[in-house]
Number of protein chains: 2
Amino acid sequence: MENNSPRLDPVFQALADPTRRAVIGRLGQGPATVSELAEPFSMGLPAFLKHITVLEDAGLIGTRKVGRVRTCTLREDRLAAAEDWFQEQRDLWATRYDQLDDLIETLKDTDDET
Amino acid sequence: MENNSPRLDPVFQALADPTRRAVIGRLGQGPATVSELAEPFSMGLPAFLKHITVLEDAGLIGTRKVGRVRTCTLREDRLAAAEDWFQEQRDLWATRYDQLDDLIETLKDTDDET
DNA sequence: GCTATTGTTCTCCATGTGGTGAAGTATTGG
DNA sequence: CCAATACTTCACCACATGGAGAACAATAGC
């Protein structure tokens, strides 16, 4: 199983910004054009475009240009893939607790012997 | 429920680095000292210390110094809190699909009327 | 009390990030 | 064709990040 994830660095990096998380939240309700997405923010389009690029490079969104309009869509599967990392961590904790259980068993045995 | 999260920016920022994710993975198996954690990496201690600081500032780990040894522990609840953001996103998708269902219902009604 | 160990702080440097504004490109509507 | 629209690219800037190395604590062991 290993680290099959589509490069987590850019994904978490992309999520580490409120503007980009807001974009993802908005796209969660359906596709939208660049200017629609940019409208709630006070920054200029060039700055906003960079955020879109970061999200696209991370694979979290897809974009398609028709005419002069670029439409963005959320790649929900990619987001879910990122989420998997957390599950992997929990699996590690589980291992740890299993080992704790083993330790407890060992201690019990020791007690019996005493 | 809103955005109760303990400032997601630093959390995701902290996760956007393989060294720091590896540290979290290691701490998932139990507490460890700074030099134990640093050992697998080729960088110097000062650089590594920065990673520890980033993780601690993000709230993902806790550290305690006893004598000259600093021991780090994973704050599993904080990691889980970060994970909640993904769940919130899925809730948004659910809303979206509910609206799709509504639309389908509307279309059905329209069909009935036609 | 010396000395090794463990961490910490400092300065420095290259690169990345997030923003600006000006100018350019490509459609679309009249 | 002309102008408005919707990006897009460019040059630039302030600041954050991740690394280096040197020097400085502060214990722990002998």
Side-chain angles (χ1 to χ4, degrees), chain A residues 3 6-27 30-74 82, chain B residues 3 6-27 30-75 82 85:
Chain A
N3 207 348
R7 297 297 175 267
L8 284 177
D9 288 34
V11 173
F12 282 130
Q13 184 69 38
L15 295 178
D17 180 287
T19 300
R20 293 191 289 259
R21 285 198 307 278
V23 167
I24 288 180
R26 166 66 185 79
L27 288 179
T33 69
V34 170
S35 31
E36 278 169 2
L37 290 170
E39 190 270 333
F41 304 101
S42 55
M43 74 188 73
L45 257 188
F48 187 76
L49 237 282
K50 284 191 190 175
H51 288 299
I52 295 295
T53 306
V54 169
L55 285 168
E56 191 172 15
D57 288 350
L60 292 174
I61 69 172
T63 79
R64 215 188 133 186
K65 190 160 184 176
V66 178
R68 63 186 168 182
V69 175
R70 180 172 298 277
T71 304
C72 308
T73 54
L74 185 59
Chain B
N3 208 347
R7 297 298 174 269
L8 284 176
D9 288 34
V11 172
F12 283 129
Q13 183 69 40
L15 295 178
D17 181 288
T19 301
R20 292 193 290 259
R21 284 198 308 278
V23 168
I24 289 180
R26 167 66 186 79
L27 289 180
T33 71
V34 169
S35 32
E36 280 170 0
L37 290 170
E39 190 272 332
F41 304 100
S42 55
M43 74 187 73
L45 256 190
F48 186 76
L49 238 281
K50 284 191 192 178
H51 288 300
I52 296 294
T53 305
V54 170
L55 284 168
E56 190 172 16
D57 288 350
L60 291 173
I61 70 172
T63 81
R64 213 188 133 184
K65 190 159 185 177
V66 177
R68 63 184 168 184
V69 176
R70 179 172 299 277
T71 304
C72 307
T73 54
L74 185 59
R75 310 196 116 214
W85 180 82

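This structure is a prediction, so every number in the text was calculated from the model and none was measured. Chain letters run A, B, ... following the sequence lines, proteins first, then strands; residues in each count from 1. All values below were derived from every heavy atom in this structure, side-chain atoms included, with hydrogens, water molecules and symmetry-related copies excluded.
Within the 4.0 Å cut-off from OP1 or OP2 of dA26(D), not a single side-chain nitrogen or oxygen of Lys65(B) is found.
Side-chain atoms of Arg64(B) do not come within 3.5 Å of backbone N or O of Thr71(B) as any donor-acceptor pair.
When the P atom of dT17(D) is taken as reference, atom CG of Asp9(A) falls 15 Å away, rounded to whole Å. For the pair His51(A) NE2 and dT8(D) P, the computed distance is 15 Å after rounding to whole Å. Between the CD1 atom of Ile52(A) and the P atom of dC7(D) there is a distance of 10 Å, rounded to whole Å.
Both Ala47(A) and Gln13(A) lie near DNA chain C, and the one whose nearest nucleotide falls closer to the 5' end is Gln13(A).
Ring-plane geometry between Phe12(B) and Trp85(B) is classed as perpendicular, the angle between the planes exceeding 60 degrees on a 0 to 90 degree scale with a lower cut at 30.
Within the model, atoms SG of Cys72(A) and NZ of Lys65(A) stand 11.5 Å from one another, a figure rounded to the nearest 0.5 Å.
Proximity of Leu15(A) to Gln13(B): side-chain heavy atoms (C-beta onward) are nowhere separated by under 4.5 Å. Between Ile61(A) and Leu27(A), some side-chain heavy-atom pair lies under the 4.5 Å cut-off. Looking at Asp17(B) and Val54(B), their side chains never come closer than 4.5 Å, going by heavy atoms from C-beta outward.
The side chain to side chain contact (heavy atoms under 4.5 Å, CB included) check on Pro46(A) picks up nothing, with sequence neighbours excluded. Every side chain to side chain contact (heavy atoms under 4.5 Å, CB included) that Ser35(A) has, sequence neighbours left out, goes to Thr33(A). Considering only residues two or more places apart in sequence or on other chains, Arg70(B) meets the side chain to side chain donor-acceptor pair (under 3.5 Å) condition with Thr63(B).
Listed by first and then second residue, the side-chain hydrogen bond (donor to acceptor under 3.5 Å, both in side chains) pairs involving residues 36-47 of chain B amount to none (not counting sequence neighbours). For residues 45-54 of chain A, every residue pair satisfying the side-chain hydrogen bond (donor to acceptor under 3.5 Å, both in side chains) rule, not counting sequence neighbours, is listed here: Arg20(A)-His51(A).
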When you compare the protein's N or O atoms with those of nucleotides 2-6 of chain D, which come within less than 3.5 Å of each other, and at what distance?
| residue | atom | partner | partner atom | Å |
| --- | --- | --- | --- | --- |
| dT5(D) | O2 | Arg68(A) | NH1 | 2.6 |
| dA6(D) | O3' | Arg68(A) | O | 3.2 |

Using nucleotides 12-16 of chain D, report all nitrogen or oxygen pairs with the protein that are shorter than 3.5 Å.
none

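Once you apply a 4.0 Å limit to the heavy atoms of chain B, the touched nucleotides of DNA chain C run 5' to 3' over dA4(C) to dT9(C).
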